[in-house]
Number of protein chains: 2
Amino acid sequence: MTKVTPEREAILAAIPYLRPLPARELRRIAARATVRDVRRDERVFEEGAPAEGLFVVMAGRIRLVRSSRGGREQILHTEGPGATLGEVPLLDGGGYVATAVGAEPSRLLYLPRAAIVDACRRHPGVALGIIRVLARRVRTFAGLVEQLALKDLTARTAGLLLTESRAAGRRTFDLSGTRDEMAARLGTVRELVSRSLGRLRTAGIVRVTRRRVTILDAERLAALAEGLAVRGESH
Amino acid sequence: MTKVTPEREAILAAIPYLRPLPARELRRIAARATVRDVRRDERVFEEGAPAEGLFVVMAGRIRLVRSSRGGREQILHTEGPGATLGEVPLLDGGGYVATAVGAEPSRLLYLPRAAIVDACRRHPGVALGIIRVLARRVRTFAGLVEQLALKDLTARTAGLLLTESRAAGRRTFDLSGTRDEMAARLGTVRELVSRSLGRLRTAGIVRVTRRRVTILDAERLAALAEGLAVRGESH
DNA sequence: GCTCGGGTGTGACTTTGGTCATGGATTCAG
DNA sequence: CTGAATCCATGACCAAAGTCACACCCGAGC
C-alpha cells in the first residue's frame, strides 16, 4: 500500500497494451492502483477465486500453477516485470484460471477491474492489445499440451534446455530453478529430471552441474526435442 | 464458392461477438465472405500455415489438432455451428495454432482478415467479444494441461464421460466418436481407452456398449475424475 | 445370405514414468 | 567450524502407459 505514484505511472506506461492511453488516463488509473509485495512461495491468488482486478508484475517473478491433491504442481507459465496476470477472469467474469505464487520475492501492482474495462471500451487499441496477450497465451498453452500429450520426458527436457539456451542467448547458461521447479514445468517429478539430465550428460550432449548447463551437441539435442527417440544410440 | 448471401448474413448475425455490428456492416462482410465445404478427415488448414482470414463453422464439426510424427494426434478442441476458427493468428499475425480437420462433412464460411480487424477497431464491443472467446479457450487449454500433467488415464476417462453426460443432459448418452477419437481427446491410444472403459464397466460404475454409455454410479465416477485413485477397490 | 473392412476388446510383453530410501554435496546461520 | 536444511543423484522396486498380435463383432454393399 506504499504511495509511489510516479513509479506506478512508469510501470503502467511500460505495459504494451496501455500505450494507446493518453497520459491523463494513465495517471487516473495509477492513482487507483495499490501495491502488494509477496514473498517467495507466497500465494497471490488461488485458482477459481473471484477476480476483481488486474495484477501487474513490477519486480520479481510469478509462477502460474495448477496443482493436484498429492501436492504435484504443473507450471503453466511464469511472468516477470511488465507482464500482467488475470486478464482472463477480468474480462469474462469467471474466477482465476490458475494459482499464482511468488517464484521469488516480488512486487505487484493491482488495478481495479472497472478502470481497465473502461479503457478497453474507449480505446479499441487497448482491447486489441489484450487480445494479443491472450493470443500469445493460447499459443504457449497449445504448445504445452502438445509436449505433455505426445512427447516423452527426454524430448521435453531437451526442449526445455533449448528454450532456456535461446532465452539466454548463449549455449552456456544457468537453469532457472531447482530440479523441483523444472519438474513442475515438464510435468514430472524431481527424480526423473535428474535422470533425464543424467542421460543427456552421459550421452555427451550437454554438460551439467547443479545450476549451470552447456550445450555440447545442439543438433542432437534438437533432434531429441523433436521427439525422435534415439534408438540405436546405446552401447 | 456458392452464392447464398442471405444465409451467410444469418450465420454472421448468429456469431455472438458480431452482434454489436449494425446490419449494414454485417452485410458488407457477408458480401466479401466465401463458402467452403470439407469432407470428413479433410484438412481445412495446417498448424503454422499463414492465416489471412477467419473461418466460421456453418454446419458440421471441426477438430483442432496437434499431431506428432508417428501419427499420434491430440485434439485440442472441437467446434460446431456458430463457432469461429483462427482468431489467434488473425489478430497476432502468426500462423495457425493447430491443424483443423473435418470431424464430419462440414461447411465453413471464410471471412477476410481486414474486415474483422476493421470491425474491432470501430466497435469495441466486437473486440471485447473476441476477448471472451480467447479467454474461454485459455480456460479449456489450462484444463487440458492439468488433465494431462496430473491425472492418470482412469481419471481423464471418468472426466470425459462426465463431460459428455453433462453436455447431453442425461446419464445415458452416445459417445461422440470412435475409440480412436476418444483416445486423441484423452492423450492416449485406442487400446487404453478400451481397457479404461472396461475397468469402469466391471467396477459397476458405467454400462458401456460400442457407442452407448449409461452412468450407474455418478458419485464414484466423479471421485475418480477428481484423481482419487481407488486404492482398496481390488479383489 | 456372404464378404469385406473398419472399429473393438484382450492377452502378453516392453518401455516409460513414478515411488521410496539412501548418501553425498552445498549453503548458510550461528 | 559445525550442524541443519536443502538440493541433488542414484539404485531398487512398482505401477502406468504403450505396443503388437490376433480374434471378433457388426454394418455396408454385393
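Just so it is clear: chains get the letters A, B, ... in the order the sequence lines come, proteins before strands, and each one is counted from 1. The model shown is predicted, which means the values in this text are computed figures rather than measured ones.
B:R211 comes within 4.0 angstrom of no nucleic acid atom, judged by non-hydrogen atoms across all strands. A:R72 comes within contact range of the sugar-phosphate backbone alone, with a heavy-atom separation under 4.0 Å but no base atom that close.
Going from atom CG of A:L197 over to atom C1' of D:dC8 covers 11 Å, rounded to whole Å. We find that CZ of B:R156 is positioned 10 Å from C1' of D:dA16, with the value rounded to whole Å. Rounding to whole angstrom units, CG of residue B:L150 and P of D:dA16 are separated by 16 Å.
Classified by interplanar angle (parallel below 30°, tilted 30° to 60°, perpendicular above 60°), the ring pair B:H77/B:F141 is perpendicular.
The side chain to side chain contact (heavy atoms under 4.5 Å, CB included) search around A:D174 returns A:R212, not counting sequence neighbours.
In the set C:dT26, D:dA17, D:dC26, the nucleotide with an atom closest to the side chain of B:R210 is D:dC26.
The backbone N or O of A:V138 lies less than 3.5 Å from no partner atom in the side chain of B:R137, so there is not a single donor-acceptor pair. Distance alone, capped at 3.5 Å, places no donor-acceptor pair between the B:R132 side chain and the B:P16 backbone.
Checking the phosphate oxygens (OP1, OP2) of C:dG6, no side-chain nitrogen or oxygen of B:R40 falls inside 4.0 Å. Between A:R179 and the phosphate of D:dT10, there is no side-chain N or O to OP1/OP2 separation shorter than 4.0 Å.
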In a table with atom names and distances, give each donor-acceptor pair under 3.5 Å that connects a side chain of residues 182-195 of chain B to protein atoms at least two apart or in another chain.
{"unit_1": "B:R185", "atom_1": "NH1", "unit_2": "B:E164", "atom_2": "OE2", "d": "3.1"}
{"unit_1": "B:R185", "atom_1": "NH1", "unit_2": "B:S176", "atom_2": "OG", "d": "3.2"}

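Screening A:L76, A:D41, A:V44 against A:R63 for a side chain to side chain contact (heavy atoms under 4.5 Å, CB included) leaves a single residue, A:D41.
The stretch residues 186-196 of chain A touches DNA chain C through A:T188, A:V189, A:E191, A:L192, A:R195, each having a heavy atom within less than 4.0 Å of the strand.
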